[in-house]
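Here's the structure we're looking at; comments come further down.
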Amino acid sequence: MSVTISNDFLVATINEKGAELASLRANEIEYIWQADPRYWGRHAPLLFPFVGRLKDNQYTYQGKSYPMGQHGFARDKDFTVVEQTKDKVTLLLESDEETKAVYPFDFALTVSYEIWGDGLRIRFNVENTGSEEMIFALGGHPAFNIPLTDDLKFEDYFIAFSPQKSRVKIPLEGPFTNLDQKTIGQTNTNIQLSRELFKEDALIYETRRLNAYTLGSEESSHSVTVAYNNIPYVGLWSPYPAEAPFVCIEPWWGFADTVDSTGRLEDKAGMNRLATKENFKTEFSITVS
């Protein structure tokens, strides 16, 4: 099942499974990757309660081991539509016996999509409904069609960073982060897209305050921008060596296990902690031209 919201310019379709943005159309252009399984069978999954991969696909909490696949379970769970208007929809996922078998916390995860003008605002509210502190990560993973029109190719596009300044880059070793090998990423200028850009997997940057990332081309007036305020990390990804016609811009509140991870959730870097009955609220936007 899916729901559609729209205004005079934009039309967005959101799947109830995973509360996943499945389509964003304007200018007779589809901006969201259409999940061709030859390359990657998802559109824009929500990452919760983990971002990235865990060592041995498991973790421990208070001495007990739990299995957990990459990026958590929310992307494969059915959400409930709790509110819908012409230009906004809100979906809810709550903990249950199935989630507690792999993640021992009570929670309510609310995701809202709202169209305004030429943009789509995605809001998150994580509520700790349990009686103990909750530890979690959260992330967006929208994939955008590149090229946006048939007359261009992947290499005609660039990633533009705003503000144009250097950012701390977190390298990957395999699927795991190496915090001891951080470098300065040259995001003070546009980066031209190439397949080799993603040879080492995702480009991960630390981010602070206002940030915006645009996929654009000097050969076209059509582009897509992801913007946010005070989200700590962003991942930029396209499969390599497959020549997949999409690029992901992924706002993250967390990241994969580190190369020296103990496997204990209590020690895991990059996680968020939420006291009982408290809420964690955040958002990012997608604008198109």
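All residue numbers in this chain count up from 1 along the given sequence. No hydrogens, no waters, no symmetry mates; every other heavy atom, side chains included, goes into these values. Small disclaimer: the values here were computed from a predicted structure and weren't measured.
In terms of modelled atom types and a separation under 3.5 Å, the side chain of Y113 and the main chain of A19 share a donor-acceptor contact. Q34 contributes a side-chain N or O that, together with a main-chain N or O of I32, makes up a donor-acceptor pair within less than 3.5 Å. With N128 contributing its side chain and A275 its backbone, the two residues share a donor-acceptor pair below 3.5 Å. A distance-only check finds no donor-acceptor pair linking the side chain of N188 to the backbone of S166 [under 3.5 Å]. With Q192 contributing its side chain and Y157 its backbone, the two residues share a donor-acceptor pair below 3.5 Å. In this structure, D267 contributes its side chain and R264 its backbone to no donor-acceptor pair below 3.5 Å. Between the side chain of N125 and the backbone N or O of K281 there is no donor-acceptor pair closer than 3.5 Å. Side-chain N or O atoms of S238 include none that pairs as donor or acceptor with a backbone N or O of P245 at under 3.5 Å. Under a 3.5 Å cut-off, the side chain of T177 and the backbone N or O of L179 do not form any donor-acceptor pair. Here the side chain of T214 pairs no donor or acceptor atom with the backbone of A160 at under 3.5 angstrom.
Here the straight-line distance linking atom CG of N229 with atom CZ of R209 works out to 9.5 Å at 0.5 Å rounding. To the nearest 0.5 Å, the span separating CD on Q181 from CG on L172 amounts to 12.5 Å. Atoms CG and CD, from L47 and E250 in turn, are 6.5 Å apart once rounded to the nearest 0.5 Å. The distance from atom CG of L91 to atom CG of L109, rounded to the nearest 0.5 Å, is 9.5 Å. In this structure, K268 NZ and K55 NZ are separated by 10.5 Å, a value rounded to the nearest 0.5 Å. To the nearest 0.5 Å, atom CD of residue E114 and atom CG of residue D87 are 6.0 Å apart.
Of the charged side-chain nitrogens involved, at least one lies within less than 4.0 Å of a carboxylate oxygen, so that E98 and K77 count as a salt-bridged pair. Ion pairing between K182 and E206 holds under the 4.0 Å rule for side-chain N and carboxylate O. A salt bridge is absent between R42 and E20: the closest approach of a Lys/Arg side-chain nitrogen to an acidic carboxylate oxygen does not fall below 4.0 angstrom.
Within a 6.0 Å radius of NZ in K199, no more than 12 heavy atoms belonging to other residues, nucleotides or ligands are found. For D8, the CG atom is loosely surrounded, since the number of other residues' heavy atoms within 6.0 Å does not exceed 12. Counting non-hydrogen atoms of neighbouring residues, nucleotides and ligands closer than 6.0 angstrom, the CD atom of Q164 exceeds 12 such neighbours.
Aromatic ring pairs are classed by plane angle as parallel below 30°, tilted from 30° to 60° and perpendicular above 60°; the pair Y103 and F48 is perpendicular.
L215 places a side-chain heavy atom less than 4.5 Å from the side chain of I159. In this structure, the side chains of T60 and L265 stay at 4.5 Å or more apart for every pair of heavy atoms. With contacts defined as side-chain heavy-atom distances shorter than 4.5 Å, the pair F105/M134 qualifies. L236 places a side-chain heavy atom less than 4.5 Å from the side chain of F161. Within the 4.5 Å cutoff, the side chain of H141 has heavy atoms near those of the W237 side chain. Under the 4.5 Å side-chain criterion, counting only non-hydrogen atoms from C-beta, E30 is in contact with N145. Using a 4.5 Å heavy-atom threshold, the side chains of I184 and K169 count as separate. Side-chain contact between L93 and F107: present, with at least one pair of heavy atoms (C-beta onward) separated by less than 4.5 Å.
A search for ring-ring contact (aromatic ring centres under 6.0 Å, His included) contacts involving Y233 returns F255, not counting sequence neighbours. Contacts of R273 classified as salt bridge (Lys or Arg N to Asp or Glu O under 4.0 Å), with partners at least two apart in sequence or in another chain: E133.
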Kindly determine whether F136 and V126 satisfy side chain to side chain contact (heavy atoms under 4.5 Å, CB included), including the steps that lead there.
CA-CA 9 Å; F136 70 97; V126 181; 4.1 Å; yes
Worked check of side chain to side chain contact (heavy atoms under 4.5 Å, CB included) between F124 and L46
CA-CA 10 Å; F124 301 91; L46 301 183; 3.8 Å; yes
Passes side chain to side chain contact (heavy atoms under 4.5 Å, CB included), I231 versus F284? Steps please.
CA-CA 9 Å; I231 296 177; F284 68 91; 4.2 Å; yes
Could you walk me through whether I204 and W252 satisfy the side chain to side chain contact (heavy atoms under 4.5 Å, CB included) test, starting with their C-alpha distance in whole Å, then the side-chain angles of each, then the deciding distance to 0.1 Å, before giving a yes or no?
CA-CA 10 Å; I204 303 171; W252 290 346; 3.7 Å; yes
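Closest heavy-atom contact between G263 and S261: N-OG, 3.1 Å. The two residues M271 and I135 have their closest heavy-atom pair at CB-CG2, 3.7 Å. When all heavy atoms are compared, the tightest approach of N15 to S2 is OD1-CB, 3.5 Å. For the pair P142 and A44, the tightest heavy-atom approach, listed with the atom from each and the gap, is CA-CB, 3.5 Å. In this structure, Y61 and P104 approach most closely via the heavy-atom pair CD2-CG, 3.7 Å. Closest heavy-atom contact between Y213 and I249: O-CD1, 3.8 Å.
Between the side chains of R167 and N211, at least one donor-acceptor pair of N or O atoms lies under 3.5 Å. T207 and Y228 form a side-chain donor-acceptor contact under 3.5 Å, judged by distance and modelled atom types alone. A donor and an acceptor atom, one from each side chain of E132 and T276, are nowhere located under 3.5 Å apart. In summary, the side chains of D78 and T80 do not present any donor paired with an acceptor at a separation below 3.5 Å, with no hydrogens or angles considered. Between the side chains of S23 and T13, not a single donor N or O lies within less than 3.5 Å of an accepting N or O.
The cationic group of R195 lies under 6.0 Å from the six-membered ring centre of F154 and within 45° of the ring axis, placing it in a cation-pi geometry.
Hydrophobic clustering keeps V11 apart from I286 (ILVMFWY residues linked when any side-chain heavy atoms are closer than 4.5 Å, directly or through intermediates).
Between F144 and W33, the gap from one ring centroid to the other reaches at least 6.0 Å.
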Please table the atom pairs, donor to acceptor, closer than 3.5 Å between any side-chain atom in residues 64-73 and protein atoms at least two apart or in another chain.
residue : atom : partner : partner atom : Å
Q70     : OE1  : R53     : NH2          : 3.2
H71     : ND1  : G52     : N            : 2.8

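When the options I146, L148, L152 are evaluated for a side-chain contact (heavy atoms from CB on, under 4.5 Å) with S217, the one that passes is L152.
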